Each structure stands twice: as structure tokens, then as C-alpha cells.
Undergrad: 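Pasting in a structure now, in C-alpha cells, and then I'll have a few things to ask.
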Amino acid sequence: MEAFKQHVISPEIYSCGSSLMLENGYPALFQPKENRVALFPNLLFNPQSKTHLPGLSAIQNNVRNSIKRVINEGGICVKSYHEDGFAKSIWPVPSNELQQTINHEAAKHNLPSIVHANSINAYKAIINSGVNIIAHGMWNWDEFKGQSGVPQEIKTTLENAVNNKVAIMPTFRVVGSNMDLFDSTFLNDKALTHVLPKLHIA
């Protein structure tokens with residue numbers, strides 16, 4: 001990140017520091033167990049797990065210590081995850097109590113709490129927890145998948161987000177932007193000149 005900031009032409013960049021994630025949850029679970037502690041300094045001890053990563057403990061790997069690290073890294077927010085699976089529920093997520101602890105501890109340091117969530121059931125689980133921002137739109141409708149229009153329960157869930165003053169970062173082009181990395185003609189798109197300086201595109 002420091003190297004990125006040294007470029008003469010670059011977007012401003014802000015960070016939540018090392019994000020908080022369960023030792024066996026998303027996205028840590030994509031890495032081998034033996035590598036997780038080294039890769040993710042803010043792994044949280046999961047009391048609901050039957051087995052734990054070597055070197056992880058409830059005393060050391062907790063919310064308070066993790067948020068101290070975020071602050072020391074210059075983070076301006078605290079990010080955590082509520083992702084139980086892309087197609088069906090297969091991964092552990094923070095309990096209501098743990099998520100509330102994260103949000104409360106972040107608030108004590110005047111840091112907004114941002115939670116990765118992209119399904120209606122994830123939204124419903126965290127909206128009343130004290131979270132400030134949900135990262136990602138609700139692109140997974142779970143049991144309402146394939147219904148025409150916007151089902152009333154989804155409308156109600158979004159209204160609850162508004163009523164609880166929870167902001168939403170839609171991130172419309174997450175997957176599309178990943179695909180653009182492999183498109184050799186992407187930088188030829190004339191529309192880019194309306195949003196980026198020509199020198200930056202060059």
C-alpha cells in the first residue's frame with residue numbers, strides 16, 4: 001500500500017487494516033490451516049469450533065486485540081465478514097454476540113464497522129447488530145432467487161437497513177472488474193475518458 005501511495009498519479013486509498021475473520025471462516029478458509037495465522041494477523045478464535053488452529057487462543061486472538069492492531073496499522077475502519085457460502089450455507093459466521101462485540105469495540109474507537117455481506121439472510125442477520133456499513137449489494141436472494149420483481153421481504157430488509165442507518169456499498173462490478181483484468185482491449189473503451197485522466201489511462 002505504501003508503494004501504491006508513492007505513485008504520482010493514483011486514486012486516494014483508505015484501509016481497514018487487517019480484517020477480522022473467524023479462524024475457520026471466510027475468507028481465511030481458502031488458505032491452508034498451517035498458513036492462516038501467518039497470513040491473517042486478526043484471525044478470531046471461534047468458540048463454536050470443535051478444533052482450533054495451533055497457536056490460536058481465546059485470550060490473545062480476540063476482538064479487542066484485533067482492533068488495536070487495526071489502529072496501529074492506520075486503519076480508518078474495522079472490517080469483518082458474514083459469508084456462509086456462495087450457493088448454500090456451509091461456512092461458519094460470527095455469532096450475533098461476536099458481531100455485536102466487534103461493532104461495539106469499533107465504536108469505542110470511533111471507527112465505523114464494515115461487514116462483508118451479500119445475501120438477504122446475511123443482511124437480516126447483521127442489520128440490527130450495530131453495524132455501520134454493509135460491503136456489497138444483496139446479489140444473493142437465497143430462498144427468493146428467481147422471483148420476478150423485488151419480493152416484499154427483500155424490500156422490508158432494505159427498509160430496515162435504512163431505518164437502522166446502515167449504509168450499503170453496492171460494489172456493482174466486483175466480478176465484472178475481475179474479468180476486465182483479462183481483457184486486452186479494456187483500456188480502449190472510450191467511456192473511460194469520462195472518468196479517468198488520459199495520463200492515468202496511458
Side-chain angles (χ1 to χ4, degrees), residues 1-21 25-31 35-36 38-43 66-83 85-87 102-103 106-107 109-120 122-123 126-127 131-142 145-146 148-150 154-155 157-159 161-162 164-202:
M1 192 182 299
E2 289 306 315
F4 184 93
K5 290 178 180 178
Q6 298 308 312
H7 287 278
V8 176
I9 298 175
S10 66
E12 291 185 24
I13 184 167
Y14 301 96
S15 170
C16 292
S18 300
S19 54
L20 282 60
M21 61 189 80
Y26 175 92
L29 58 88
F30 293 125
Q31 295 295 331
N35 296 348
R36 290 179 195 169
L39 287 172
F40 307 115
N42 282 338
L43 280 181
S66 292
I67 290 181
K68 284 181 182 177
R69 273 189 289 272
V70 168
I71 294 169
N72 290 337
E73 293 171 355
I76 64 162
C77 46
V78 174
K79 184 171 182 180
S80 56
Y81 302 85
H82 192 103
E83 178 65 73
F86 298 145
I102 293 171
N103 300 338
H109 296 280
N110 295 315
L111 298 174
S113 175
I114 302 178
V115 179
H116 162 106
N118 54 48
S119 71
I120 179 173
Y123 270 50
I126 63 175
I127 280 175
V131 62
N132 302 110
I133 302 168
I134 295 176
H136 304 305
M138 192 194 296
W139 61 57
N140 186 343
W141 284 12
D142 295 320
K145 181 180 179 181
S148 61
V150 181
I154 288 179
K155 290 180 182 179
T157 301
L158 293 173
E159 287 168 0
V162 173
N164 281 280
K165 297 183 177 172
V166 177
I168 297 173
M169 300 169 63
T171 52
F172 290 120
R173 281 192 43 79
V174 171
V175 178
S177 294
N178 288 341
M179 294 169 64
D180 288 338
L181 291 171
F182 301 93
D183 179 1
S184 61
T185 66
F186 175 72
L187 294 176
N188 299 331
D189 187 339
K190 299 298 181 186
L192 289 178
T193 61
H194 297 294
V195 293
L196 294 172
K198 291 181 179 178
L199 185 57
H200 182 72
I201 295 172

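Since we're looking at a predicted model, the values are computed, not measured.
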Undergrad: Mind checking the CG-OG1 spacing from Asn118 to Thr171? Nearest 0.5 Å is all I need.
TA: 8.0 Å
Undergrad: Starting at NE2 of His136, measure out to NE2 of His116 and round the result to the nearest 0.5 Å.
TA: 5.0 Å
Undergrad: Could you give me the CA-CA distance, side-chain angles and deciding distance for Met138 and Thr157, then say whether side-chain contact (heavy atoms from CB on, under 4.5 Å) is met?
TA: CA-CA 10 Å; Met138 192 194 296; Thr157 301; 4.1 Å; yes
Undergrad: Can you name the salt bridge (Lys or Arg N to Asp or Glu O under 4.0 Å) partners of Asp180, sequence neighbours left out?
TA: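 Testing Asp180 for salt bridge (Lys or Arg N to Asp or Glu O under 4.0 Å), a comparison that skips the adjacent residues, returns Arg173.
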Undergrad: With side chains defined as the heavy atoms from C-beta onward, is the minimum distance between Met21 and Leu43 less than 4.5 Å?
TA: yes
Undergrad: State, to 0.1 Å, how close Ile114 and Ala135 come at their nearest heavy-atom pair, and which atoms those are.
TA: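 Reported closest heavy-atom pair: CG2-CB, 3.8 Å.
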Undergrad: Looking at every heavy atom in both Ala122 and Ala117, which two are closest together, and how far apart are they?
TA: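 Taking every non-hydrogen atom into account, CB-CB, 3.8 Å.
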Undergrad: With side-chain contact (heavy atoms from CB on, under 4.5 Å) as the criterion, how do Ile102 and Val115 come out once you've worked through the C-alpha distance, each side chain's angles and the decisive distance to 0.1 Å?
TA: CA-CA 10 Å; Ile102 293 171; Val115 179; over 6 Å; no
Undergrad: Nearest 0.5 Å please: distance from the OG atom of Ser80 over to the CG atom of Asn42.
TA: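 These two atoms lie 11.0 Å from each other.
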Undergrad: So, using side chain to side chain donor-acceptor pair (under 3.5 Å) as the criterion, who are the partners of Ser177 when residues are at least two apart?
TA: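 Counting only residues at least two positions away or on another chain, Ser177 forms no side chain to side chain donor-acceptor pair (under 3.5 Å).
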Undergrad: Within this structure, what is the NE2-CD1 distance for the pair His109 and Ile71, rounded to the nearest 0.5 Å?
TA: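 CD1 of Ile71 is found 4.5 Å from NE2 of His109.
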Undergrad: Return the set of residues passing side chain to side chain donor-acceptor pair (under 3.5 Å) with Asp183 (not counting sequence neighbours), or none when no residue passes.
TA: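 Residues passing side chain to side chain donor-acceptor pair (under 3.5 Å) with Asp183: Thr185.
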Undergrad: Could you measure the distance from the CZ atom of Arg36 to the CZ atom of Phe30? Nearest 0.5 Å is fine.
TA: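 Here the rounded value is 10.0 Å.
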Undergrad: Side-chain donor-acceptor pairs under 3.5 Å in residues 187-202, sequence neighbours left out?
TA:
from	atom 1	to	atom 2	distance (Å)
Asp189	OD1	Ala191	N	2.9
Thr193	OG1	Lys190	O	2.6

Undergrad: Taking the six-membered ring for Trp, are His7 and Phe4 parallel (under 30°), tilted (30 to 60°) or perpendicular (over 60°)?
TA: perpendicular
Undergrad: Under the 3.5 angstrom rule, does the side chain of Glu83 hit a backbone N or O of Pro27 as a donor-acceptor pair?
TA: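 No: the side chain of Glu83 does not pair with the backbone of Pro27.
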Undergrad: Between Ile127 and Val131, does the side-chain contact (heavy atoms from CB on, under 4.5 Å) criterion hold? Intermediate values first, please.
TA: CA-CA 7 Å; Ile127 280 175; Val131 62; 5.8 Å; no
Undergrad: For residues Leu111 and Gly75, report the shortest heavy-atom separation together with the two atoms involved.
TA: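 Closest approach of Leu111 to Gly75, heavy atoms only: CD2-O, 3.9 Å.
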Undergrad: Listed by chain and number, what are the side chain to side chain donor-acceptor pair (under 3.5 Å) partners of Tyr81, not counting sequence neighbours?
TA: Ser19
Undergrad: Taking Arg69 for the side chain and Ser18 for the main chain, is one N or O donor matched with an acceptor at less than 3.5 Å?
TA: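 Flag not set: sc Arg69 to bb Ser18 has no pair under 3.5 Å.
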Undergrad: Hey, could you give me the CH2/OH distance between Trp141 and Tyr123, rounded to the nearest 0.5 Å?
TA: 12.0 Å
Undergrad: Where is the tightest heavy-atom contact between Ser113 and Asn132, given as atom of each residue plus distance?
TA: N-OD1, 2.8 Å
Undergrad: With sequence neighbours left out, what residues match Glu2 under side chain to side chain donor-acceptor pair (under 3.5 Å)?
TA: none
Undergrad: Evaluate side-chain contact (heavy atoms from CB on, under 4.5 Å) for Ile126 paired with Val166, printing each intermediate quantity in order.
TA: CA-CA 10 Å; Ile126 63 175; Val166 177; over 6 Å; no
Undergrad: Would you name the heavy atoms of Cys16 and Val70 that are closest together and state the gap between them?
TA: O-CG1, 3.3 Å
